[in-house]
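Remarks on the structure that follows.
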Amino acid sequence: MIDPFRQRVYAIVAKIPSGKVMTYKQVATSAGKPHASRAVGNIMHTNKDFVRMPCHRVVRTDGTVGGYVFGTKKKIVKLKKEGVVIKGGKMIF
DNA sequence: ATTATGACCGAAG
DNA sequence: GCTTCGGCCATAA
């Protein structure tokens, strides 16, 4: 399956260092489609390689973590553990 | 091909 | 602060 966008998203997310996060919009833009923020989230949800894909480092533009297969709460805890500062359920860039 | 849905975004009420 | 609407893109049926 050759889907440049999908592959690109995968590579970008996998490159996010620990303690840092990227917004869906940022990932989509870096992937080449600035308006595909929705598709990015959809890819994470439908993708089967989510084991290697640290999707918990991808958050929403508002600062909310967004969704997560293991649960949004878990995602927040994980991020905090990584060193990300989260305040009132939202994160600070 | 068409319709519906979603881990989104931004504006409006 | 929250909900609703329209817009964007990929996936599933």
[X] side, atom [atom1]; [Y] side, atom [atom2] - distance, nearest 0.5 Å:
X	Y	atom1	atom2	value
A:Ile86	A:Lys78	CD1	NZ	12.5 Å
A:Lys80	A:Met91	NZ	CE	12.0 Å
A:Asn47	A:Met53	CG	CE	4.0 Å

Picking from [options], which would you name as closest to the side chain of [X]?
X	options	result
A:Arg60	C:dC9, C:dT11, B:dC8	B:dC8
A:Ser37	B:dA7, B:dC8, C:dA10	B:dC8
A:Arg6	C:dT11, B:dC8, C:dA10	C:dT11
A:Tyr68	C:dA10, B:dA7, B:dC9	B:dA7
A:Lys75	B:dC9, B:dA7, C:dC8	B:dA7

Would you tell me if any nitrogen or oxygen in the side chain of A:Lys25 comes within less than 4.0 Å of OP1 or OP2 on C:dC8?
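For C:dC8, OP1/OP2 do not have a side-chain N/O of A:Lys25 under 4.0 Å.
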Please confirm whether the shortest side-chain N or O distance from A:Thr61 to OP1 or OP2 of B:dC9 is below 4.0 Å.
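The answer is yes; a side-chain N or O of A:Thr61 sits under 4.0 Å from OP1 or OP2.
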Atom pair distance, as rounded to whole Å: [atom1] in [X] and [atom2] in [N]:
X	N	atom1	atom2	result
A:Asp62	B:dG10	CG	P	7 Å
A:Gln7	C:dC9	CD	P	20 Å
A:Lys74	B:dA7	NZ	P	20 Å
A:Lys90	C:dC2	NZ	P	7 Å
A:Asn47	C:dA12	CG	P	11 Å
A:His45	B:dA7	NE2	P	5 Å
A:His35	C:dG7	NE2	P	14 Å
A:Asp3	C:dC9	CG	C1'	12 Å

For the residue pair A:Tyr24 and A:Arg60, establish whether any side-chain heavy-atom pair is separated by less than 4.5 Å.
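Yes; the side chains approach each other to less than 4.5 Å.
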Counting the atoms with a prime plus P, OP1 and OP2 as sugar-phosphate, which does A:Val69 contact under 4.0 Å by heavy atoms, base, sugar-phosphate, or nothing?
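Base contact.
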When we call it a touch if two heavy atoms are under 4.0 Å apart, what does A:Ala36 touch: a base, just sugar-phosphate, or nothing?
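Sugar-phosphate only.
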I want to confirm an ordering. Mapping A:Asn42 and A:Arg38 to their closest nucleotides on DNA chain C, which one lands closer to the 5' end?
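Final value for this comparison: A:Arg38.
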Is the backbone of A:Val58 close enough, under 3.5 Å, to the side chain of A:Lys75 for a donor and an acceptor to pair up by distance?
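Yes.
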